[in-house]
Engineer: 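Before anything else, here's the structure in question.
This one's a predicted model, so the numbers in the text were calculated from it and none came from an experiment.
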Amino acid sequence: QWDEPRVCSRRYLKVDFADIGWNEWIISPKSFDAYYCAGACEFPMPKIVHPSNHATIQSIVRAVGIVPGIPEPCCVPDKMSPLGVLFLDENRNVVLKVYPNMSVETCACR
Amino acid sequence: SHTAPARSAPPVASYGLARDKDPQRFLGDRAAALGPGAQDMVAVHMLRLYEKYRQRGARPGGGNTVRSFRPRLEVVNQRALYFFNLTSMQDSEMILTATFHFYSEPRWPRAHEVPCKQRAKNASCRLLPPGLPARRHLLFRSLSQNMATQGLLRGAVALAPPPRGLWQARDISPIVKAARRDGELLLSAELDSGEKDPGVPRPSPHAPYILIYANDLAISEPNSVAVTLQRYDPFPAGDPEPGAAPNNSTDPRVRRATQAAGPFQDNELPGLDEKPAQAPHDPQGHKHALWPSPFRTLKPRPGRKDRRRKGQDTFAASSQVLHFDEKTMQKARRK
């Protein structure tokens, strides 16, 4: 993790359902690559962090320092992808559900 | 109400014989994922839908949810009835299609003897060739949970005799939607062949099953994954396990002793023996000022200078004695 870039970017995270105790009823997948977002949204923000207009303005106001206490924008998921999960419901019937926003594709400053 | 997108579910679908004849072979190592006794055709079918989604991103049935329902077999008046409990469907799940899957083999009526008309010298009695295989009907009834009646007949589907034993599917969307609209989420299916004593089938991997393709309108809610997959409380509500925490809270975690049990050399800091700072006095004189409230009362933030000074003396005043539990002390001694 130490050689991760400082700037807001996607970091690797593999989620194993056994680690969160859901593996008893989840048939498949047993684990998936979820990723997460971390890093700074410092002024000036590079294009790579895809800042929104509001984040750009907030970052400038914070850098100018007229209004005290303004935090820097947050590094959050931007594009995400769904995950199909096959699991047993309470009656032990097999269910397939496709959950949206389960895995991070890109991060951005917001 | 939700109008399902026009989707002509296959009125009759029959699967290749080889792969379905032996679900275990198709399951392979994934059978373990389904746990013991769950390696029947419905499990194979659901795994196949999952693989199709995983490899091609194909939305199952055009929605985001597929629920399978295994039957409970009951024999009523010599007839085999398969009961399906559909109550696990969520209100936010809008039914797109419902299909009934069953395995059937051709049933030849027993060949019967024809009395010989005349006893000719060389004629011998012969058996008529068996007639055509019997036509069968699928009868669906729905009943609400607590009704003991046979239930309301919701539909009857005539079945052409299959050329050989194979799995078939029928679209029963109107039947399931009507039953759900009327709040009757217990469905019974009867394979009626019209014969007197069809013989009672035993539970087998060839048991029929229902698949319901739906669109869960609540799946995009924040944290929808928790609604269906987060089942932390292993104990049913209101029935604490024997090993529950001593103060009878339902929380099963064991509370660790905070006060040290046995007398041992505590690590009091030398020369500092003032009492810990009292609970902050409450100007309004509320009664709870005597009991440290569970929430720390917010104190006005002191200026920068006396914050530094205050930091020193609060440190000096508040942390004279540190308590460690027995286990930690043993570890420390060992080190």
Engineer: Any non-hydrogen side-chain atom of Arg70(B) less than 4.5 Å from a side-chain atom of Asn91(A)?
Structural biologist: no

Engineer: How would you list, in number order, the residues of residues 98-110 of chain A that have a heavy atom less than 4.5 Å from chain B?
Structural biologist: Val98(A), Tyr99(A), Pro100(A), Met102(A)

Engineer: Check the pair Thr228(B) / Phe87(A) against side chain to side chain contact (heavy atoms under 4.5 Å, CB included), numbers first and verdict last.
Structural biologist: CA-CA 9 Å; Thr228(B) 38; Phe87(A) 62 94; 4.2 Å; yes

Engineer: Distance check, rounded to the nearest 0.5 Å: Ile20(A) atom CD1 versus Gln230(B) atom CD?
Structural biologist: 8.5 Å

Engineer: Report which part of Arg54(B) has an atom under 4.5 Å of a heavy atom belonging to chain A: side chain, backbone, both, or neither.
Structural biologist: neither

Engineer: Supply the atom-to-atom distance Glu51(B) CD to Leu86(A) CG, rounded to the nearest 0.5 angstrom.
Structural biologist: 9.0 Å

Engineer: Which atoms of Tyr53(B) come close to chain A, meaning under 4.5 Å heavy atom to heavy atom: side chain ones, backbone ones, both, or neither?
Structural biologist: side chain

Engineer: Find the one option among Ile219(B), Leu211(B), Leu49(B), Asp216(B) whose heavy-atom pairs under 4.5 Å with chain A are most numerous.
Structural biologist: Ile219(B)

Engineer: Kindly check if the number of other-residue, nucleotide or ligand heavy atoms within 6.0 Å of CG (Asn223(B)) is above 12?
Structural biologist: yes

Engineer: Could you check whether any side-chain heavy atom of Val95(A) comes within less than 4.5 Å of a side-chain heavy atom of Val66(B), counting everything from C-beta outward?
Structural biologist: no

Engineer: Look only at the side chain of Thr65(B) and the backbone of Lys97(A), and say whether a donor-acceptor pair between them is shorter than 3.5 Å.
Structural biologist: no

Engineer: Regarding Asp89(A) and Ser88(B), do their side chains bring together a donor and an acceptor under 3.5 Å, going by distance alone?
Structural biologist: yes

Engineer: Tyr50(B) versus Val94(A): any side-chain heavy-atom pair under 4.5 Å?
Structural biologist: no

Engineer: Measure the shortest side-chain to side-chain distance between Trp22(A) and Val225(B) over non-hydrogen atoms and say whether it is less than 4.5 angstrom.
Structural biologist: yes

Engineer: What residues of residues 52-71 of chain A sit under 4.5 Å from chain B when only non-hydrogen atoms are counted?
Structural biologist: none

Engineer: Sub-3.5 Å donor-acceptor pair from the side chain of Trp25(A) to the main-chain atoms of Leu229(B), do we have one?
Structural biologist: yes

